Amino acid sequence: MKQLQLYRIEILAGLTVAMTMIPESLSFAIVAGLPPLTGLYGAFIMGIITAFLGGRPGMISGGAGATVIVMISLIAGHGIEYFFAAVALAGVFQILVGVFKLGKFVRLVPQPVMYGFLNGLAVVIFMSQIEQFKIRNGNQFSWLQGESLYIMSGLVLITLLLVYFIPKIAKGLPTTLIAIAVIFGIVHGFGIETKTVQDIANISGSFPPFHIPQIPFTFETLQIIFPYAAIMAGVGLLETLLTLTLVDEVTETRGNANKESVAQGIANITNGFFTGMGGCAMIAQTFVNLNAGARQRISAIVSAFAILFIILVAAPLIEMIPMAALVGVMMMVAITTFSWGFFKKITKMPKSDILVTIIVAGITIVLHNLALAVLVGIIISALVFAWESAKRIRARKHIDEKGIKHYEIFGPLFFGSVSNFNDKFDLINDPDIIMISFKESRISDMSGIEALDVLTKKYSERNKTVILTHLSEDSQKLLENASAIIKVNIKEDPNYKIPSDLL
């Protein structure tokens with residue numbers, strides 16, 4: 001009985017995800033200048049391959065706008081065949097990231113960056129749904145007016161209310177799927193004229209065809225597609241690994257970043273050879289999936305096959321779904337994605353963290369470039385951390401009964417703290433032997449080594465000896481590697497051991 005309940009939740013979640021994925025994949029394909037079916041093919045291929053091979057059950061991948069947007073200029077300048085080749089090459093890059101286990105670097109993303117990423121993305125998702133209140137007139141779009149606007153707004157409001165109140169009545173029901181079904185029944189039961197999926201594009205088609213990109217296999221071609229493929233691979237992996245981290249937090253489990261990177265790469269290579277748009281993990285659809293109670297790979301598999309079934313068989317029915325229902329579902333996703341707890345914590349957060357959150361959210365909202373937003377946030381956080389760490393380096397000093405002066409260093413010795421480190425020493429008045437203990441410190445980079453080199457030379461000019469003690473293994477290795485430029489006495493302390501660093 002419990003197993004049947006699990007299957008029911010997963011299947012219904014997968015069907016709901018498929019409904020919300022269709023308009024997004026179609027819209028981004030059209031915006032990029034691709035055939036609409038390319039977006040659906042990408043959703044199916046990404047979904048099915050990552051469901052089986054990915055390292056994160058419960059996560060949904062598909063034809064994401066974040067990855068295809070970076071390809072728009074390539075499509076416009078060189079055509080769709082170069083686009084397919086670039087998608088395949090991006091997949092190769094992503095596989096290499098997974099094989100060389102570089103996915104762990106997503107742990108470098110600080111919490112303020114995550115807040116900014118989530119909140120900015122929530123605003124982007126919400127605003128993208130506002131665009132559905134427009135209708136195409138030839139090659140231009142205009143806002144809905146009068147009765148059409150009122151009907152659309154009313155149906156969206158009913159959808160929001162359904163999605164909000166259904167879980168309060170019965171938590172086990174498939175909330176979003178029921179909401180879509182109710183709006184479908186209202187619209188077609190009362191003969192209400194409103195915007196439907198068909199107004200975006202025709203989604204009927206065949207199985208994704210095998211297709212080798214028709215491009216010249218030359219070095220010049222590689223030069224053209226290489227930068228686009230690299231950017232797409234980076235953007236896709238960043239959004240995927242951030243989504244994976246968020247799923248880890250929601251489910252209190254741990255996914256495999258490197259395994260996911262390989263799966264994403266295989267999926268994008270397949271997309272390149274089966275006329276798919278390519279893509280990555282989709283955070284909005286992932287939240288729809290999780291909110292529906294799905295925690296297994298089953299929902300992602302069901303979602304992918306549902307999209308294929310729609311393409312092959314059920315397109316006429318799906319094209320009748322009112323866009324208001326899908327807009328309402330996605331708006332609720334945006335509302336739940338937004339990290340409202342940020343406002344409670346804002347008075348307790350350092351000013352630098354607040355600034356990082358606002359900047360990341362701002363870049364996400366204005367430029368729609370998630371990779372750039374996160375990168376800028378990481379850089380600012382790193383600079384703030386470096387500055388704060390640089391200010392905290394200090395030294396405790398004393399002279400023992402043998403006349404040796406001891407300097408006990410606290411805090412890391414790196415490029416930012418070199419100046420403060422040098423200020424701790426009294427070159428003129430220090431005795432002939434100076435011992436510098438790094439028990440509570442470590443030499444972190446070449447700037448630290450250079451600082452010791454300069455300090456040693458200054459003491460040597462005054463016929464004084466410097467002895468370093470309590471060096472961690474990595475600090476010793478740095479000094480050994482720099483033996484050609486630094487000459488100091490390293491006195492080992494056999495009673496002191498540094499625990500190995502966690503990888």
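Just so you know, these numbers come straight off a predicted model, no measurement behind them.
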Handout entry: Closest heavy-atom pair and its distance - E81, P213
Key = OE1-CA, 3.3 Å
Fill in the blank from the handout: In short, A292 meets A13 closest at the heavy-atom pair CB-CB, 3.6 Å
Handout entry: Heavy-atom donor-acceptor pair, N119 side chain to S339 backbone, under 3.5 Å
Key = yes
Exercise for the section: Check whether any side-chain heavy atom of S25 lies under 4.5 Å from a side-chain heavy atom of Y41, and answer yes or no. Expected result: no
Practice task
Can you establish whether the number of heavy atoms outside F100 located under 6.0 Å from its atom CZ is more than 12?
Solution key: no
Exercise for the section: For the pair N271 (side chain) and I45 (backbone), establish whether a donor and an acceptor sit closer than 3.5 Å, ignoring hydrogens and angles. Expected result: no
Handout entry: Neighbour count >12 (heavy atoms, 6.0 Å) for atom NZ, K101
Key = no
Fill in the blank from the handout: On a heavy-atom basis, the closest approach of G276 and F84 is O-CE2, 3.7 Å
Fill in the blank from the handout: Here the gap from I180 atom CD1 to T16 atom OG1, rounded to the nearest 0.5 Å, amounts to 6.0 Å
Handout entry: Donor-acceptor contact present, side-chain Q296 to main-chain A294, <3.5 Å
Key = no
Exercise for the section: Evaluate the side-chain proximity of F165 to K168: yes if any heavy-atom separation is below 4.5 Å, no if none is. Expected result: yes
Exercise for the section: Compare all side-chain heavy atoms of T245 with those of M114 and state whether any distance is below 4.5 angstrom. Expected result: yes
Exercise for the section: Might you point out which heavy atoms bring C280 and T240 nearest each other, and give the distance in Å? Expected result: CB-OG1, 3.3 Å
Practice task
Report yes or no: is the cationic atom of K344 (NZ for Lys, CZ for Arg) closer than 6.0 Å to the six-membered ring centre of F342, at no more than 45° off its axis?
Solution key: no
Practice task
Would you indicate whether the side-chain heavy atoms of F217 and T221 approach each other to under 4.5 Å?
Solution key: no
Practice task
Step by step, work out the side chain to side chain contact (heavy atoms under 4.5 Å, CB included) result for R297 and F52.
Solution key: CA-CA 7 Å; R297 300 179 188 273; F52 280 108; over 6 Å; no
Exercise for the section: Identify the heavy atoms of V156 and A324 that sit nearest to each other, and give their distance. Expected result: CG2-O, 3.7 Å
Practice task
Check whether more than 12 heavy atoms from other residues, nucleotides or ligands sit under 6.0 Å from atom CD of E249, and answer yes or no.
Solution key: yes
Exercise for the section: Answer yes or no: are there more than 12 heavy-atom neighbours, outside L96 itself, under 6.0 Å from its atom CG? Expected result: yes
Practice task
Please confirm whether F219 and F226 have ring centers closer than 6.0 angstrom.
Solution key: no
Handout entry: Check: E319 main-chain N/O paired with Q198 side-chain donor or acceptor under 3.5 Å
Key = no
Practice task
For side chain to side chain contact (heavy atoms under 4.5 Å, CB included), just list the numbers for F343 and F338, CA-CA rounded to whole Å, side-chain angles, deciding distance to a tenth of an Å, and then say yes or no.
Solution key: CA-CA 11 Å; F343 295 109; F338 195 92; 3.3 Å; yes
Problem - Side-chain donor-acceptor contact under 3.5 Å, S73 with Y228 - result: yes
Practice task
Please check if the distance between the ring centroids of F210 and F274 is under 6.0 Å.
Solution key: yes
Problem - F385 vs P110 side-chain heavy atoms within contact, under 4.5 Å - result: no
Problem - Distance, nearest 0.5 Å, that separates CD1 of I363 from CD1 of I358 - result: 12.5 Å
Problem - Atom CD of E193: over 12 foreign heavy atoms under 6.0 Å - result: no
Exercise for the section: Could you tell me whether a side-chain N or O of K259 sits under 3.5 Å from a main-chain N or O of G98, the two making a donor and an acceptor? Expected result: no
Handout entry: Any side-chain donor near an acceptor of the partner, S61 and Q264, under 3.5 Å
Key = yes
Fill in the blank from the handout: In short, M152 meets V327 closest at the heavy-atom pair CE-CG2, 4.2 Å
Problem - Under 3.5 Å donor-acceptor, S261 side chain and A257 backbone - result: yes
Exercise for the section: For W340 and I335, indicate whether the former's side chain and the latter's backbone hold a donor-acceptor pair under 3.5 Å. Expected result: yes
Handout entry: Close side-chain approach of E239 to M282, heavy-atom, < 4.5 Å
Key = no
Practice task
Please name the residue in the list I318, I203, L37 that meets the side chain to side chain contact (heavy atoms under 4.5 Å, CB included) test with I311.
Solution key: L37
Practice task
Go through Q94 and V262 one step at a time and tell me if the side chain to side chain contact (heavy atoms under 4.5 Å, CB included) criterion holds.
Solution key: CA-CA 6 Å; Q94 291 175 328; V262 172; over 6 Å; no
Practice task
Determine, step by step, whether N268 and M232 satisfy the side chain to side chain contact (heavy atoms under 4.5 Å, CB included) criterion, reporting the C-alpha distance in whole Å, the side-chain angles of both residues, the deciding distance to 0.1 Å, and the verdict.
Solution key: CA-CA 10 Å; N268 274 318; M232 178 182 177; 3.9 Å; yes
Practice task
Please answer whether the main-chain N or O of I321 pairs with a side-chain N or O of H188 as donor and acceptor at a distance below 3.5 Å.
Solution key: no
Completion exercise
So CD of E147 and CD1 of I192: to nearest 0.5 Å the spacing works out to 9.5 Å
Problem - Any side-chain donor near an acceptor of the partner, T243 and R56, under 3.5 Å - result: no
Problem - Point-to-point distance, once rounded to the nearest 0.5 Å, from NZ of K195 to CD1 of I151 - result: 14.5 Å
Practice task
Enter the distance from F83:CZ to M277:CE here, rounded to the nearest 0.5 Å.
Solution key: 7.0 Å
Exercise for the section: Please tell me if the side chains of F184 and L317 come closer than 4.5 Å, counting only heavy atoms from C-beta onward. Expected result: yes
Handout entry: Sidechain-backbone polar pair: T38 side chain, L34 backbone, donor-acceptor under 3.5 Å
Key = no
Exercise for the section: Check whether any side-chain heavy atom of S303 sits under 4.5 Å from a side-chain heavy atom of M21, and report yes or no. Expected result: yes
Completion exercise
Distance col, row M332:CE vs L162:CG, nearest 0.5 angstrom, shows 9.5 Å
Handout entry: Donor-acceptor under 3.5 Å (T20 side chain, V17 main chain)
Key = yes
